[in-house]
S.K.: 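Provided herewith is a single structure, encoded as structure tokens, for subsequent inquiry.
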2 protein chains.
Amino acid sequence: METATGAVGPARTARHEAICDAAFQMLSEVGYDQMSMDAVAARARASKATIYRAWPHKADLAVDALTYRFGGAPEPPDTGTLRGDLLALVTMACQLAQSPDGAVVVGLMSAAARNPVLSQALYECAYRTKRGVHETIINRAAARGELPAGTDPDLLHEVLHALVLTRRMWAAGPLDDDFAVHVVDDVLLPVLRHERAADGR
Amino acid sequence: METATGAVGPARTARHEAICDAAFQMLSEVGYDQMSMDAVAARARASKATIYRAWPHKADLAVDALTYRFGGAPEPPDTGTLRGDLLALVTMACQLAQSPDGAVVVGLMSAAARNPVLSQALYECAYRTKRGVHETIINRAAARGELPAGTDPDLLHEVLHALVLTRRMWAAGPLDDDFAVHVVDDVLLPVLRHERAADGR
């Protein structure tokens, strides 16, 4: 039985960061299934004992490698309007989805579909850790009177990530400016403003 | 260079169907990367020459196996209201996503992320082939005055599939009745009705 101890993470030392960095590189180069703990140890010039003490299972290490790479939330955009902030946010998500880091996430998805520890890690890292950014955008829009106070930032998460990720995974079309405008004007704004309408009914 | 000749498909014979059936079983049991043309030939009791003539590349065969399995569009729900039809549709999608067939699609996603022929096949099979169902639901709603004529069925596709698939892949929560109600009331109806509002402005 695998556990997600790595999700909390061991104490952050330079040694641990080097191991996480090596693990992320391996995920990028060969994918989760082909990543071996021994190869990570060799690349990070760490002893296997060090690695297995901190991360008893490969899933734990993958969790922490993702947290190390994606853990820091980006600065929320602050353009002065909800639409401007959402466009900036979707554009950032599209750029990430097309980057080498995005390819690592996509590659992990299939492994995660059969591995609850990994899927939890992906959920935590690429979804929940950005909740604060979305909350800030929603709260600023509420302060400007564009949305009611208490609009649920989780709805913004859920819909934004689903649309960008699916577009990327299905290669359903380019992740360009036109797509960002479509996501914001045709989906996100109607969904968030519906909250406002529902609030007043 | 791989080509998507299998997407169009060879003449449908019992022999070809048996091969597609064997290929789908292999996709289910071992996944795309581990599926070999030789093993499919053995399971279908077909000659390798027959298989390679019809499907020069593995991606072509996977395409046709999916088309064979998912190609037929389901009967559109007809509950008498747009909300009822959408709830039935999302419930069906959730059931498929949790089924063994859904697991095959999820397993293929990672391979498809690095393989344009496969991603095109997935797009065609699980997305575009259902366009008629979505069009029927939208048109019936328009005939009842619930939506304007000309509401884009592709928007229904895009948002519905993205939300259900992402929920499944990230294991972000159960694909249950509460989720179906959430998708319909919080996302799909606001998005589709926004088209109506936009139409009238």
Side-chain angles (χ1 to χ4, degrees), chain A residues 31-34 97 102-128 152 154-173 179 182-183 185-198, chain B residues 31-34 97 102-128 152 154-173 179 182-183 185-198:
Chain A
Y32 180 79
D33 289 337
Q34 303 295 321
V104 173
V105 174
V106 169
L108 278 167
M109 299 285 293
S110 173
R114 298 168 194 272
N115 186 323
V117 176
L118 257 189
S119 61
Q120 184 67 20
L122 287 165
Y123 187 75
E124 290 288 337
C125 293
Y127 197 88
R128 287 204 181 151
D152 182 10
D154 285 347
L155 195 56
L156 171 53
H157 275 261
E158 180 186 11
V159 178
L160 187 161
H161 283 271
L163 289 177
V164 172
L165 196 69
T166 304
R167 178 93 156 186
R168 168 68 178 77
M169 295 203 71
W170 294 75
F179 176 68
H182 159 65
V183 169
D185 287 345
D186 298 336
V187 184
L188 291 180
L189 284 173
V191 164
L192 294 171
R193 286 177 180 156
H194 168 74
E195 289 258 313
R196 178 181 210 166
Chain B
Y32 181 79
D33 289 336
Q34 302 296 321
V104 173
V105 173
V106 169
L108 278 167
M109 300 285 293
S110 173
R114 298 167 194 274
N115 185 322
V117 176
L118 255 190
S119 60
Q120 184 67 21
L122 287 167
Y123 187 74
E124 291 287 339
C125 292
Y127 198 86
R128 287 204 181 152
D152 183 7
D154 286 347
L155 196 55
L156 170 54
H157 275 260
E158 179 185 12
V159 177
L160 188 161
H161 283 272
L163 289 178
V164 172
L165 195 69
T166 304
R167 179 92 157 186
R168 168 68 176 80
M169 295 204 69
W170 293 75
F179 177 67
H182 159 66
V183 169
D185 287 345
D186 298 336
V187 184
L188 291 180
L189 283 174
V191 164
L192 294 172
R193 285 176 181 156
H194 168 74
E195 289 257 314
R196 178 181 209 167

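Below, chain A is the first sequence line, B the second, and so on; all start at residue 1.
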S.K.: Kindly indicate whether the side chain of B:Glu158, heavy atoms from C-beta on, has any atom under 4.5 Å from the side chain of A:His182.
M.R.: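 The answer is yes, as the side chains (C-beta and beyond) meet within the 4.5 Å cut-off.
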S.K.: Would you compute the distance between atom OG1 of B:Thr166 and atom CG of A:Leu160 and round it to the nearest 0.5 angstrom?
M.R.: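 One gets 11.0 Å once the value is rounded to the nearest 0.5 Å.
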S.K.: Would you check, one step at a time, whether the test side chain to side chain contact (heavy atoms under 4.5 Å, CB included) holds for B:Val191 with A:Val191?
M.R.: CA-CA 6 Å; B:Val191 164; A:Val191 164; 3.7 Å; yes
S.K.: Residues in salt bridge (charged side-chain N to carboxylate O under 4.0 Å, His left out) with B:Asp185, at least two apart?
M.R.: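 Testing B:Asp185 for salt bridge (charged side-chain N to carboxylate O under 4.0 Å, His left out), a comparison that skips the adjacent residues, returns B:Arg83.
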S.K.: Where does A:Leu165 contact chain B at under 4.5 Å (heavy atoms): side chain, backbone, both or neither?
M.R.: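 Just its side chain gets close to chain B.
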S.K.: Start with the C-alpha gap between A:Asp33 and B:Asp33, add the side-chain angles, then the distance that decides, and say whether side chain to side chain contact (heavy atoms under 4.5 Å, CB included) holds.
M.R.: CA-CA 12 Å; A:Asp33 289 337; B:Asp33 289 336; over 6 Å; no
S.K.: Taking atom CG of A:Leu192 and atom CG of B:Asp186, what is their separation to the nearest 0.5 Å?
M.R.: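 Reported value, rounded in 0.5 Å steps: 11.0 Å.
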S.K.: Checking B:Leu163 against A:Leu163 for the side chain to side chain contact (heavy atoms under 4.5 Å, CB included) test, could you report, in this order, the C-alpha distance in whole Å, the side-chain angles of both residues, the deciding distance, and whether it holds?
M.R.: CA-CA 8 Å; B:Leu163 289 178; A:Leu163 289 177; over 6 Å; no
